Amino acid sequence: MGNDTEPLFLQIARYIQDLIVDGSLEPGSRAPSTNELAAFHEINPATARKGLTILVDAGVLEKRRGIGMFVTAGAREAILSERRAEFAGTYIAPLIDEALRLGYDLPTLQDLINRVAESRGMYT
């Protein structure tokens with residue numbers, strides 16, 4: 001999964017969100033079950049359930065009694081909206097803080113960002 005410092009149930013929620021954002025899970029499609037997630041990631045089913053419950057509470061997944069959890073119609077947009085709202089605080093502020101500690105000025109930091117973005121195919 002992802003961040004080793006993040007609780008497993010949050011990693012599970014983020015994993016499902018990533019599947020929705022990248023289009024692997026489309027609106028109306030069935031999400032992996034608690035047992036599927038637990039077996040695949042070798043975790044306790046209660047941990048997987050807690051991750052799925054977060055997404056149900058957020059309106060990203062809906063429970064259909066007896067058949068599973070399904071992606072809601074506005075799930076992708078809701079996830080993107082939430083992530084965009086958190087982006088600066090989660091990623092940009094720590095980047096700036098570390099750049100300041102390293103003595104980078106803004107033009108140098110911008111150049112580094114541009115080079116990394118280009119290497120990732122952002123400027124093609």
Side-chain angles (χ1 to χ4, degrees):
M1 276 181 287
N3 181 351
D4 290 340
T5 62
E6 189 173 56
L8 286 174
F9 68 92
L10 292 177
Q11 292 180 51
I12 289 292
R14 175 68 102 175
Y15 170 72
I16 299 297
Q17 287 178 330
D18 288 346
L19 293 175
I20 293 167
V21 167
D22 75 16
S24 298
L25 284 176
E26 296 182 348
S29 62
R30 187 177 80 72
S33 71
T34 297
N35 291 334
E36 290 168 340
L37 289 167
F40 182 78
H41 295 288
E42 298 179 347
I43 60 172
N44 187 307
T47 302
R49 186 176 312 108
K50 191 170 181 180
L52 290 172
T53 298
I54 289 170
L55 299 177
V56 170
D57 292 346
V60 171
L61 296 179
E62 64 182 1
K63 291 182 187 180
R64 295 188 189 162
R65 198 176 216 41
I67 56 174
M69 305 227 187
F70 291 81
V71 179
T72 61
R76 183 173 190 278
E77 294 76 18
I79 294 166
L80 288 174
S81 177
E82 179 182 334
R83 287 187 179 184
R84 286 178 180 136
E86 297 171 350
F87 186 78
T90 302
Y91 298 100
I92 304 298
L95 172 78
I96 299 294
D97 292 343
E98 184 66 10
L100 288 169
R101 282 190 287 276
L102 296 173
Y104 287 134
D105 60 9
L106 188 56
T108 302
L109 180 59
Q110 287 173 330
D111 181 58
L112 285 170
I113 291 170
N114 288 337
R115 287 188 300 171
V116 171
E118 186 175 350
S119 75
R120 300 285 201 273
M122 192 170 199
Y123 301 124
T124 55

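Quick note: residue numbers are just sequence positions, from 1. The model shown is predicted, which means the values in this text are computed figures rather than measured ones.
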Without swapping roles, check the side chain of Arg76 against the backbone of Val21 for a donor-acceptor pair under 3.5 Å.
-> yes

With the 4.5 Å side-chain cut-off for hydrophobic clustering, are Leu25 and Val60 part of the same group?
-> yes

Heavy-atom check, side chain of Leu61 versus side chain of Val71, under 4.5 Å = yes

How would you list all residue pairs meeting side chain to side chain donor-acceptor pair (under 3.5 Å) that involve residues 57-71, not counting sequence neighbours?
-> Glu62-Arg64

Hphob cluster co-occupancy, Ile43 + Leu19, side-chain heavy atoms under 4.5 angstrom | yes

Is the number of heavy atoms from other residues, nucleotides or ligands under 6.0 Å of Glu26 CD greater than 12?
-> no

Trace of the side-chain contact (heavy atoms from CB on, under 4.5 Å) decision for Leu55 with Ile20 | CA-CA 11 Å; Leu55 299 177; Ile20 293 167; 5.5 Å; no

Show every donor-acceptor pair shorter than 3.5 Å between a side-chain atom in residues 45-53 and any protein atom, with sequence neighbours excluded, or say none if there are none.
unit_1 : atom_1 : unit_2 : atom_2 : d
Thr53  : OG1    : Arg49  : O      : 2.8

From CA spacing to verdict: side-chain contact (heavy atoms from CB on, under 4.5 Å), Gln11, Arg14 = CA-CA 5 Å; Gln11 292 180 51; Arg14 175 68 102 175; 5.6 Å; no

For Pro94 and Ala88 the tightest heavy-atom approach is CD-O, 4.4 Å

Whether Phe40 and Tyr15 hold their rings parallel, tilted or perpendicular, with breakpoints at 30° and 60° = parallel

Could you tell me whether the side chain of Ser119 and the main chain of Val116 form a donor-acceptor pair under 3.5 Å?
-> yes

Would you check, one step at a time, whether the test salt bridge (Lys or Arg N to Asp or Glu O under 4.0 Å) holds for Arg115 with Asp111?
-> CA-CA 6 Å; Arg115 287 188 300 171; Asp111 181 58; 3.4 Å; yes

Could you note down all residue pairs passing ring pair (Phe, Tyr, Trp, His ring centres under 6.0 Å) where residues 75-100 supplies at least one of them, sequence neighbours left out?
-> Phe87-Tyr91

Donor-acceptor pair between Ser33 and Asn35 side chains, under 3.5 angstrom = no

Side chain to side chain, Ile54 and Ile12, heavy atoms closer than 4.5 Å = no

Crowded around Phe70 CZ? As in, over 12 foreign heavy atoms under 6.0 Å?
-> yes

Judged by atom type as modelled, is there a donor-acceptor pair below 3.5 Å linking the side chain of Thr90 to the main-chain atoms of Glu86?
-> yes

If you round to the nearest 0.5 Å, how far is OG1 of Thr72 from CD1 of Ile79?
-> 8.0 Å

Identify the two heavy atoms, one from Gly89 and one from Ala93, that lie closest to each other, and give their separation to 0.1 Å.
-> O-CB, 4.0 Å

Single-linkage hydrophobic cluster, 4.5 Å side-chain cutoff, Leu109 and Leu102 together | no

Answer yes if Leu100 and Leu112 sit in the same cluster of Ile, Leu, Val, Met, Phe, Trp and Tyr residues linked by side chain heavy atoms under 4.5 Å apart, and no otherwise.
-> no

What do you reckon, is CZ of Arg101 surrounded by more than 12 foreign heavy atoms closer than 6.0 Å?
-> yes

